[in-house]
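We use all heavy atoms of the structure for the numbers below, so side chains are in, but hydrogens, waters and symmetry mates are not.
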Amino acid sequence: MGVQFNHPWLLLLTIPLAVFMFYAYKSDFRLFGVRKTIAVLLRTAVLLLLVFVISGMQSFTVLQQKKVVYVVDRSASMPEAGQAEAWMLKSAASKKEDDSVGVVSTSLQGAYEQKLMNHLPTNLSLNAAQNPEFTNLESGLMLAGNLLDGRSDSHIVLISDGKENVGSMLAAGRMLKNQGIVVDVLASPSKQIKDVAVEEVSVPQKLYQAESFSIEVLVQSTFKGQGELRIYEDSREIGRETVDVAVGENRYAVKALAKTTGLHRYRAEIFMNGDQQSSNNAGYAFTRVDGPPKVLIVEGKKGTSENITAALSSGLIQYEVMSSPGLLPNEMAKYAAYDSIIFNNVSGDQVGERRMEMIEQAVKSYGIGFMMVGGEDSYGMGGYFKTPIERALPVSMELEGKRQIPSLGLILVIDRSGSMSGEKIEMAKEAAIRTVEMLRPKDSVGVLAFDSTNWWVVPPMKLDDKKQEVIDNIQSIQSDGGTDIYPAAASAVEEMLKVQAQRKHIILMTDGQSAGNDAYGSLLEQMVSEKITMSTVAVGMDADVNLLQSLADGAKGRFYMAEDETTIPAIFSREAAMISKSYIVDKPFVPALQDAGDWGKLFDNGVPQIYGYVATTAKPAAQTVLSSPEPDPLLARWQYGSGRTVAWTSDMMGKWSKDWVSSPAFSNVLTQMVKWTFPQFAASPYEVKTQVEGNKVRFQINATSGSGPEQLQAVVTGDQLQPSKVELVQESPGSYSGEMTVDQPGSFLLSLEDGSGKSVAMPSGLVVPYSPEYRIESGDAGKELERLAEMTGGRVLFWDKPEQLFAAAPRPSRQLHDLGYALLIAALLLWVADIAVRRLALPWGLIGARLAALLRRRPQPAGGAEPVDAGLGRLAARKQRAAAFYGGGSAAPPDPAQPQARAGREEAEAKRPASVASLAAEPKAEAPRGTRDARPPEAGPGKKAAAAAPKPPQDERSASMDRLLAARKRNPR
C-alpha cells in the first residue's frame, strides 16, 4: 500500500502556500485567539487538499498477477479447429490462482469469446460468428488490448499463421507497446497441400467487334504437372488448352475474337490432377466490345417472336433470342452484355423473383432498356402484380375502380408441414399476401394451412375493410408437422359451398407426398357440379406431381411446377388475375393518339385497328402514347432511374394485332421503340480503374475530357442485388478516387452517377476474386510474427511447451486507486467549516470559557462548602453593573463572590486617573422623560435597606457613569 502523484512537481506549490498562510495569520486582525487559529488551519487544509488533487494523488497496492488474453486466428488458412483450444487449456492449467485469462477470436473482425476470468472452461470452444474469407489480425489484437489496462503484467498470445490480408498487425503492435502490453506469438503451421491457382486474368479494357485479342492468365502452383486451361466468354466456352505447369508462376496467353458487342465477362479455369483445393482455380476479367447495340428477346413460348426479329433485322439491330425464360442468367453481370431486353408474352412464374430483381437493377442503375410485349400470359395475366418488373414498367397491374369485375371467392390451401420451413413458407406467405392485396372489398377469401391437421388461418369471409387483418393472420403461419392433402382439400370445398360469389376458385400448394390415399373422384365431381375450380402448385421435386396434376385437370384448373420457390408469388397473382378474367379486353378498336411527343411522326398515317389487349393502369409519371376507349394504355413509356422502359399491352404475334404487324409502318415503329430504350451514351467519357486489396476495393476515375461534375458517385451491384453507392472525391479536375469494403468475392457491375442521380457512363465490370485466404503465398509469414513479438518485448512460444506461458514470475505491478474525488469532497467540507468559523456570530469566548470550566471542574471539598472562583465573581459583578447602567430595577440575590468583586472595584476606582474622576463628578445632562430616570435604582448586594430607599436622580446617573468608566478601563475593547 502506498501513495504516488502523477505530477509530483506540482507539490512545490506547498512552499508558496506555507508563506501565504503565515502572512494571513499575522495580518488578519478580524479574528482573535483560538478562533483565528482554527480558521487559518482550516483554510490551509483546503488549499493543501487542492494541491494534492491537481498533483494527481493516487493510492496503490502492489499486485503479483498476470493477465493473459489469447487471440486465435479462425480464418480459412488455419488448420482444423481444436488444436488451438487444446493448447490454451494446457497453458492455462499452469497459471496461478490470481492470474486471469480471456479469449478473442478473429478473422475479418475480432470477437470476444471469453472476457477476463480466473479460469478457462474445460469444454472450451470458439463459437463467435466469423467470416473466414479474410484475416484481420489487427482487429483481434486491438480488441484484446481493450481487455487489458497495461499497468498489470499484461500479455496477449497471438495464435496464427501470420497470413493477414486485411489491416496490419505491426501497426497494432506499436499501439500495444505504447500501452505497456506484451505480445507473445505462437506460429501455427500452414496447410501443406498440393495447390494450383489462377492468380490473375487480363484482357484489354476496350475492344471492337471482330477484333482479335489475347487473354493472359497467371497461374501459381506448388507442384509440377500437366493441366488443362479453359477459357469462357460469359457462360460459353471459347477455348481449351493443355498446359505444362511448373512450381511457382506460370503465364499463358490464349487468342480470342470479340464476336458480339456489349460488356463481357471472361473466366479462366485451371484443372490439374492432384490439386487439393479447388476454391482458387478460376479467375475473371471484364471488357466492353464496342459495336452495334444488341437486344435480348425472351419468348414465353418458343417460336413466337418472328415478327419482332424481322423488324429488328430490317433496322440492323443485333439480337439474341432466348426460347425459355428459365434460361435467363442468374448473375447480374451477364445482363450488361445487352443494351435492351424484350419480354414477349412471358409469364412471371417462369422468370422468378430473383431474376426480376436483377432486370430491375440493370434498368435502374445501369441504363439497360426494357420492353414488355403483351399477350395472354403477360402483365396482370402473367402474375406481375407488385413485382420488381411492375416497378420498372410505366404501367401498373391494378384495375380497381375501372370496370365491373365479377365477385370472386378464393380459398388458399397452403402446406405448412416441416418440409416447408425456411424460404418456402416465407414465399408462400408472400404469395398469399399479394393475392389478398389484388382482391376487392366485395371479394371473399379464406386461408387454410394444413399439415397432418387443418388450421383455418382465415375462415372464408368477405374482405370489406378487413384486408390488413387478413394479412396479419397470414403472417402468423409457421411450418411444422406432416402432410395430409385430402382432409384439407375436402374442408376447403365444404367451406367454398357456403361462399356467395360469381366465381369460385381454390389454389392448393404443397411440397410433399400425402400421408393418406383417399379417393378424390367424388370430391372432384362435386367441385365440377358446383362450378368450383382448383389449381395446384407443386413446390420442389419431392412433391406428388402426379396427384397434383390430376387434381388440377379434374377440377378444370391449372398445374404449376415451382422448382424455384421465388416463383410462387407470381403463380398466385396470375391465378387471381386469370380467375377473374377481367384483364383481357378482346374487342376491336382503333387506338387514340394521346401524348405521342417525338413519336407522333411515327403515326402520321394513322394507327391500325387492334383486336385485344391486357388492361393496365398508366402510372402518374408515365407518358401514354396510344390508348384504348376504356381508356387503358396501349403504348406507354417512361424513364426509370438510368434506364428507359416501354409497355405495349397488345401482342405482336398477330392474334390481337394482325392489322398492326402486317402494316408497312410496323418495322420502323418497333425499331424506334426499341432504340428509344437504348442507353443514352454512345461511349464512356470516363476511364475506370479498380484495385482490390484484401476486402477493400479502390477506385480511380479519370474523365477523358479532363473535366467532370463536382459530384460523382460509383454504384456497385453484385449478385446479392444490394446496390452500394460510393462517394468519389475529386482530387483534381476530372480525377476522382474512392474506396469501398466488400465481404464476399464475386462479379459486380459498376456505373457512375452525377449529383442528380443520372448515369453518366456505360456500365463496366468489377471482379473481386476468390478469398485471399486461398492464395498461394510466396513470402514467410512467420517472420512477421517474430517481428511483432520482438517489437513489443514478447516471446515466440512453442506448441510442445504450453507451460512456458505462465512459467516466469509475474512482473510486480501497481493497482492504482484515484483519490481525486475523495480529496475534493474533503476540501468542500473543510471549506464549509472555514466559512462557519469566520462568519457565524456565536459567543466563542463564552463557549470557550465554559468548555475550559468543564475541563477544570474539581470535586467539592468535604463539608459541602462550594469554593469561590474569583473569575466567576468578577463576571457576576460586571453583569450587575451592566444591568444597573441600562436600568435594571431589581436587586440581585446575595452572591458569595460579591465581597471580592466589591474590593476589586474599589481598588480600580482608587487607581482611576483624576481626569476621569472629575469627569464623573460633572453634572449629567437631563435624561429624556421615560428613560433610565424612571427606573428604580439598583440595589447592591448587602445593602437591602439602602436599596429600598430611592436615590436622587443625579447621584444615580453619577454612579452609573462611574461604573461604566471602570468597566471600560478594565476591558479596553
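For the pair Arg236 and Glu233, the salt-bridge criterion is met [side-chain N within less than 4.0 Å of a carboxylate O]. Using a cutoff of 4.0 Å between basic side-chain nitrogens and carboxylate oxygens, Lys462 and Asp443 are not scored as salt-bridged. Ion pair Glu331/Arg355 not flagged as a salt bridge, since none of the NZ, NE, NH1 or NH2 atoms sits closer than 4.0 Å to an Asp/Glu carboxylate oxygen. Salt bridge Arg574/Asp377: present, at least one basic N to carboxylate O contact under 4.0 Å. Classification of Glu430 and Arg434 as a salt-bridged pair holds, one side-chain N sitting under 4.0 Å from a carboxylate O. The pair Lys467-Glu437 fails the salt-bridge criterion, with no side-chain N (NZ, NE, NH1 or NH2) lying under 4.0 Å from an Asp/Glu carboxylate O. Between Arg267 and Glu269 there is a salt bridge, with a side-chain nitrogen of the basic residue lying less than 4.0 Å from a carboxylate oxygen of the acidic one. The pair Glu376-Lys655 counts as a salt bridge, with a side-chain nitrogen and a carboxylate oxygen less than 4.0 angstrom apart.
Applying the salt bridge (charged side-chain N to carboxylate O under 4.0 Å, His left out) rule to Asp234 yields no partners; only residues at least two apart in sequence or on another chain are considered. Listed by chain and residue number, nothing satisfies the salt bridge (charged side-chain N to carboxylate O under 4.0 Å, His left out) test with Lys504 (two or more places apart in sequence, or in another chain). In this structure Asp544 satisfies the side-chain hydrogen bond (donor to acceptor under 3.5 Å, both in side chains) test with no other residue, sequence neighbours excluded. Residues satisfying the salt bridge (charged side-chain N to carboxylate O under 4.0 Å, His left out) test with Lys725, not counting sequence neighbours, are Glu753. Residues passing the side-chain hydrogen bond (donor to acceptor under 3.5 Å, both in side chains) test with Glu469, sequence neighbours excluded: none. Every residue meeting the side-chain hydrogen bond (donor to acceptor under 3.5 Å, both in side chains) condition with Tyr640, not counting sequence neighbours, appears here in chain and number order: Glu360. Residues meeting the side chain to side chain contact (heavy atoms under 4.5 Å, CB included) test with Gln468, sequence neighbours left out: Ile471, Asp472. Residues meeting the side-chain hydrogen bond (donor to acceptor under 3.5 Å, both in side chains) test with Glu237, sequence neighbours left out: Arg240.
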Ignoring hydrogens and angles, write down the donor-acceptor pairs under 3.5 Å from the side chains of residues 563-570, residues two or more places apart or on other chains.
from: Asp564; atom 1: OD1; to: Thr566; atom 2: N; distance (Å): 3.1
from: Asp564; atom 1: OD1; to: Thr566; atom 2: OG1; distance (Å): 2.9
from: Asp564; atom 1: OD2; to: Thr566; atom 2: OG1; distance (Å): 2.7
from: Thr566; atom 1: OG1; to: Glu353; atom 2: N; distance (Å): 3.4
from: Thr567; atom 1: OG1; to: Asp564; atom 2: O; distance (Å): 2.7

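Shortest non-hydrogen contact noted between Met356 and Gly348 is CE-O, 3.4 Å. A pairwise comparison of heavy atoms in Met509 and Val539 identifies CG-CG2, 3.6 Å as the closest pair. In terms of heavy atoms, Phe572 sits closest to Ala431 at CG-CB, 3.6 Å.
Listed by first and then second residue, the ring pair (Phe, Tyr, Trp, His ring centres under 6.0 Å) pairs involving residues 433-454 amount to none (not counting sequence neighbours). Judged as a side-chain hydrogen bond (donor to acceptor under 3.5 Å, both in side chains), the pairs with a partner in residues 523-534 (not counting sequence neighbours) are, in order, His505-Thr533. Within the structure, ring pair (Phe, Tyr, Trp, His ring centres under 6.0 Å) contacts touching residues 334-356 (residues at least two apart or in different chains) are Phe343-Phe370.
Taking the six-membered ring where the residue is Trp, the centroids of Tyr232 and Tyr266 are separated by 6.0 Å or more.
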